[in-house]
2 protein chains.
Amino acid sequence: MNATEILQHHEVKKTAPRVAIIQALQKGRSPLSESELKDDLGDFYDRTTFYRSMQTLAEAGVIHRIVVDNVLVKYVLNDCEHGHHHQPDHVHFYCQQCKSLICMDELKTPFYQLPSGFKQQTCEVIIRGLCVKCNQ
Amino acid sequence: MNATEILQHHEVKKTAPRVAIIQALQKGRSPLSESELKDDLGDFYDRTTFYRSMQTLAEAGVIHRIVVDNVLVKYVLNDCEHGHHHQPDHVHFYCQQCKSLICMDELKTPFYQLPSGFKQQTCEVIIRGLCVKCNQ
DNA sequence: CATATATTTGCAACAATGTATCAATTGATT
DNA sequence: AATCAATTGATACATTGTTGCAAATATATG
């Protein structure tokens, strides 16, 4: 699925910045930060547009925004091929050493029975540690 | 346990800013953000000292730092009375409406069997939704 | 209690992230 | 091709966090 098809599929207007962002995320194929994306996009698009694009794309379910620490936000494309899981149900692994973020697609977020009165909308799990490469 | 005892217990030097921060957190008795703490502390201590104090206190296990979204970090005192759980093992609930953070002490973080080679150090769970007050 | 020393503080400057406003541009529809 | 709403890009600003360094302070020692 290319950028144009993804945008159509989510009923989001096709614009140059959005296409560029999606292509950059596709190239990366792992969650990327703003600075990492900027390197790939060149200094063409300004930060305001970037943030607005990311917000639009996240609301439409095109991308998925993961906060690791603050001052470290990563974005990843949602997998449109296998149905859209806008509310991601998998666990994220963050390597404390190489700062990479890995989607643990096999590990699902748990179900919790909340005290009565609470209403759950999303659940996020981040495991920190050392990835395969750094754990040697 | 008062601020002085807490600092002694964790072998951290007793200084005015640290005592003030601990007392403010004790008064609040729920995770507070920097701006919330600043309101309580008065504009007496500067931000650099605040950040350094929080880092020292977190490393010593006195407090617990929780990142909700980025640009929204909350701090809470660890419960020294009932043993020190420096690596908190409970789930956090964040109310999307009133922006309050609630420690779900009864709900424990899950155990995951990671793929071989990965080494887990911490696990963090944040549930987002509506708290009892806002869910009406 | 006074003193020495290592830690901590407070200030200034800086860097990164994110938001608000608004005119100019662009995309989709007719 | 023309229209109109949505989006962009520029400027300015707010918040969060870091670095370097001199002054102040906390603890240990005599």
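We use all heavy atoms of the structure for the numbers below, so side chains are in, but hydrogens, waters and symmetry mates are not. Chain identifiers are assigned alphabetically (A, B, ...) following the order of the sequence lines, protein sequences preceding nucleic acid strands; residue numbering begins at 1 within each chain.
- Between the CG atom of A/L41 and the C1' atom of D/dG9 there is a distance of 15 Å, rounded to whole Å.
- Between the A/Q26 side chain and the A/M1 main chain, a donor and an acceptor come within less than 3.5 Å of each other.
- A donor-acceptor distance shorter than 3.5 angstrom exists from the side chain of B/E5 to the backbone of B/N2, with no hydrogens or angles considered.
- The interatomic distance linking A/L32 (CG) with C/dT17 (C1') rounds to 17 Å, in whole Å.
- When atom types are taken as modelled, the side chain of A/K108 and the backbone of A/D105 share a donor-acceptor pair closer than 3.5 angstrom.
- Atom pair A/Y51:OH and C/dT17:C1' shows a separation of 4 Å (rounding to whole Å applied).
- Side-chain atoms of B/L114 and A/M104, non-hydrogen and from C-beta on, do get closer than 4.5 Å to each other.
- The nearest whole Å value for the distance from the CZ atom in B/F50 to the P atom in C/dT8 is 17 Å.
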Scan nucleotides 20-30 of chain C nucleotide by nucleotide, 5' to 3', and note B when protein non-hydrogen atoms come under 4.0 Å of the base, S if they reach only the sugar-phosphate, - if neither. BBB----SS--
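- Between A/D46 atom CG and D/dG9 atom C1' the separation is 5 Å, expressed in whole Å.
- Phosphate proximity of C/dT8 to B/R18: present, with a side-chain N or O under 4.0 Å from OP1 or OP2.
- Annotation: salt bridge (Lys or Arg N to Asp or Glu O under 4.0 Å) contacts involving residues 7-17 of chain A, sequence neighbours excluded, are absent.
- Separating the CZ atom of A/R47 from the C1' atom of D/dC13 is a distance of 12 Å, rounded to the nearest angstrom.
- Separating the CD atom of B/E34 from the C1' atom of D/dT18 is a distance of 13 Å, rounded to the nearest angstrom.
- The aromatic rings of B/H64 and B/H92 sit tilted relative to each other, their planes meeting at an angle between 30° and 60°.
- C/dT7 atom C1' lies 15 Å from atom CD of B/Q55, rounded to whole Å.
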